[in-house]
Amino acid sequence: MALEFPRTTEVLSVALRDAGAGLGFEPLQSGDMSEFRALASRLMQCDVAPAAVFNRARRRQPAAVLVRSTFGRMTGLVATLLLSDSAEARLLANRFDGLHPDAADLADPSDTPALYYVWGVAGEDREDRRAAMALTERLRADTFSDLFAYMRPATEAGRSAGERIGFRPAGPSPDSIYVSPPTILRQVA
């Protein structure tokens with residue numbers, strides 16, 4: 001995919017939605033928030049952001065939360081935040097709170113995001129996990145190839161999956177945020 005300009009949050013949200021559609025993902029519908037939060041918490045084995053936080057992100061970035069369903073039941077998810085440059089210092093200092101991201105860090109539709117955050121990736125079975133990882137890889141290698149990416153793995157499987165696609169700890173602590181430089185730089189080098 002060739003990079004399209006301008007690369008505003010609005011343009012990138014459409015690209016995110018389209019990338020997910022090819023793998024069976026679609027934007028979360030408001031009426032499905034409870035099911036989504038229960039699935040995310042169960043599969044990622046951690047607390048997840050309150051519904052109001054997800055809704056705030058989705059108002060600015062309609063494809064921030066993509067879900068996959070099988071036979072009418074939600075079975076996979078990929079949640080991604082496009083962030084302004086103000087978020088990077090918090091991320092690198094381990095002060096970014098994924099449960100309550102600072103509203104000023106979320107890129108508005110007309111903003112050009114400086115980076116993105118892998119907010120959550122999970123699938124209920126092997127097929128859903130493969131689809132969620134395929135979308136995550138597509139975002140890293142193609143859709144958001146010009147952006148720095150950050151993630152905080154919730155599980156050992158998440159840590160391993162992130163490392164497979166180029167994420168590395170930003171510091172020496174095992175709790176460090178993970179970062180991946182723009183892949184477009186690696187493609188050119």
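- Looking only at distances, no side-chain donor or acceptor of Ser69 sits under 3.5 Å from a matching main-chain atom of Gly72.
- Inspection of the Thr75 and Thr70 side chains reveals an N or O donor paired with an N or O acceptor under 3.5 Å.
- When the side-chain hydrogen bond (donor to acceptor under 3.5 Å, both in side chains) test is applied to Arg59, no partner is found at least two apart in sequence or on another chain.
- Side-chain contact, Arg138 with Thr143: no donor N or O sits under 3.5 Å from an acceptor N or O.
- Listed here is the closest heavy atom pair of Arg152 and Tyr117: CB-OH, 3.6 Å.
- Contact record, Ile165 with Ser180: O-OG, 4.4 Å, taken as the closest heavy-atom pair.
- Between Leu23 and Arg68, the shortest heavy-atom distance links the atoms O-NH1, 2.6 Å.
- No side-chain heavy atom of Phe25 sits less than 4.5 Å from a side-chain heavy atom of Leu77.
- Between Pro27 and Val65 there is no side-chain heavy-atom pair separated by less than 4.5 Å.
- A salt bridge links Arg73 to Glu124: at least one charged side-chain nitrogen sits closer than 4.0 Å to a carboxylate oxygen.
- Side-chain contact annotation: Thr9 with Asp111, donor-acceptor N/O pair under 3.5 Å absent.
- To the nearest 0.5 Å, atoms CD (Glu88) and CZ (Phe148) are separated by 6.5 Å.
- Between the side chain of Ser13 and the backbone N or O of Ala63, no donor-acceptor pair lies under 3.5 Å.
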Legend entry - Audit row: Arg129, Arg126, side chain to side chain contact (heavy atoms under 4.5 Å, CB included) steps and yes/no: CA-CA 5 Å; Arg129 286 189 297 275; Arg126 176 178 276 190; 4.0 Å; yes
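- Between Pro101 and Val53, some side-chain heavy-atom pair lies under the 4.5 Å cut-off.
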Inset, instruction - Starting from the C-alpha separation in whole Å, work towards a yes-or-no answer on side chain to side chain contact (heavy atoms under 4.5 Å, CB included) for Gln29 and Arg58. - result: CA-CA 10 Å; Gln29 300 301 307; Arg58 290 172 48 245; 5.6 Å; no
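- Side chain of Ser41 to backbone of Arg37: no donor-acceptor contact under 3.5 angstrom is found.
- In this structure, the separation between OG1 on Thr136 and CE on Met151 is 8.5 Å, given to the nearest 0.5 Å.
- With hydrogens and angles ignored, the 3.5 Å screen pairs a side-chain donor or acceptor of Arg140 with a backbone N or O of Phe144.
- With Glu127 contributing its side chain and Asp125 its backbone, the two residues share no donor-acceptor pair below 3.5 Å.
- A heavy-atom distance below 4.5 Å is not found between the side chains of Leu106 and Leu82.
- A donor-acceptor pair shorter than 3.5 Å can be found between the side chains of Asp105 and Ser86.
- In this structure, Ala114 and Ser84 approach most closely via the heavy-atom pair CB-C, 4.0 Å.
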Inset, instruction - Kindly indicate, with the supporting measurements, whether the criterion side chain to side chain contact (heavy atoms under 4.5 Å, CB included) is fulfilled by Leu12 and Leu16. - result: CA-CA 6 Å; Leu12 291 176; Leu16 172 56; over 6 Å; no
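- Taking Arg168 as the reference, Glu163 meet the side chain to side chain contact (heavy atoms under 4.5 Å, CB included) condition, with sequence neighbours excluded.
- Between Leu115 atom CG and Leu147 atom CG the span is 7.0 Å, to the nearest 0.5 Å.
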Legend entry - Chi angles and distances behind the ring pair (Phe, Tyr, Trp, His ring centres under 6.0 Å) call for Tyr150, Trp119: CA-CA 9 Å; Tyr150 290 86; Trp119 207 8; over 10 Å; no
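- Formation of a donor-acceptor pair under 3.5 Å by the Gln61 side chain with backbone atoms of Pro109 is not found in this model.
- When all heavy atoms of Ala132 and Val121 are compared, the pair lying nearest together is CB-CG1, 3.7 Å.
- Residues Leu66 and Leu28 have side chains not in contact (no heavy-atom distance under 4.5 Å, counting atoms from C-beta outward).
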Inset, instruction - Assess whether side chain to side chain contact (heavy atoms under 4.5 Å, CB included) is satisfied between Val118 and Thr80, documenting all intermediate values. - result: CA-CA 5 Å; Val118 180; Thr80 308; 5.8 Å; no
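- Side-chain atoms of Asp108 do not come within 3.5 Å of backbone N or O of Ser110 as any donor-acceptor pair.
- A salt bridge does not link Arg17 to Glu26: none of the charged side-chain nitrogens sits closer than 4.0 Å to a carboxylate oxygen.
- The backbone N or O of Ala51 lies less than 3.5 Å from a partner atom in the side chain of Asn55, making a donor-acceptor pair.
- Between the CG atom in Asp142 and the OG1 atom in Thr183 there is a gap of 8.0 Å [rounded to 0.5 Å].
- Scanning all heavy atoms of the two residues, the minimum distance from Pro153 to Tyr178 falls at CD-CD1, 3.8 Å.
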Inset, instruction - For Phe54 and Phe36, run ring pair (Phe, Tyr, Trp, His ring centres under 6.0 Å): C-alpha distance rounded to whole Å, both residues' side-chain angles, the deciding distance at 0.1 Å, then the answer. - result: CA-CA 10 Å; Phe54 283 115; Phe36 162 75; 5.0 Å; yes
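- Side-chain N or O atoms of Arg60 include one that pairs as donor or acceptor with a backbone N or O of Ala103 at under 3.5 Å.
- With respect to the salt-bridge test (charged N to carboxylate O, under 4.0 angstrom), the residues Glu156 and Arg159 qualify.
- In this structure, Arg95 CZ and Asp102 CG are separated by 10.5 Å, a value rounded to the nearest 0.5 Å.
- Rounding to the nearest 0.5 Å gives a distance of 8.0 Å between CG of Leu92 and CD1 of Ile177.
- For Thr112 (side chain) and Thr8 (main-chain N/O), no donor-acceptor pair under 3.5 Å exists by modelled atom type.
- With contacts defined as side-chain heavy-atom distances shorter than 4.5 Å, the pair Phe96/Asn94 does not qualify.
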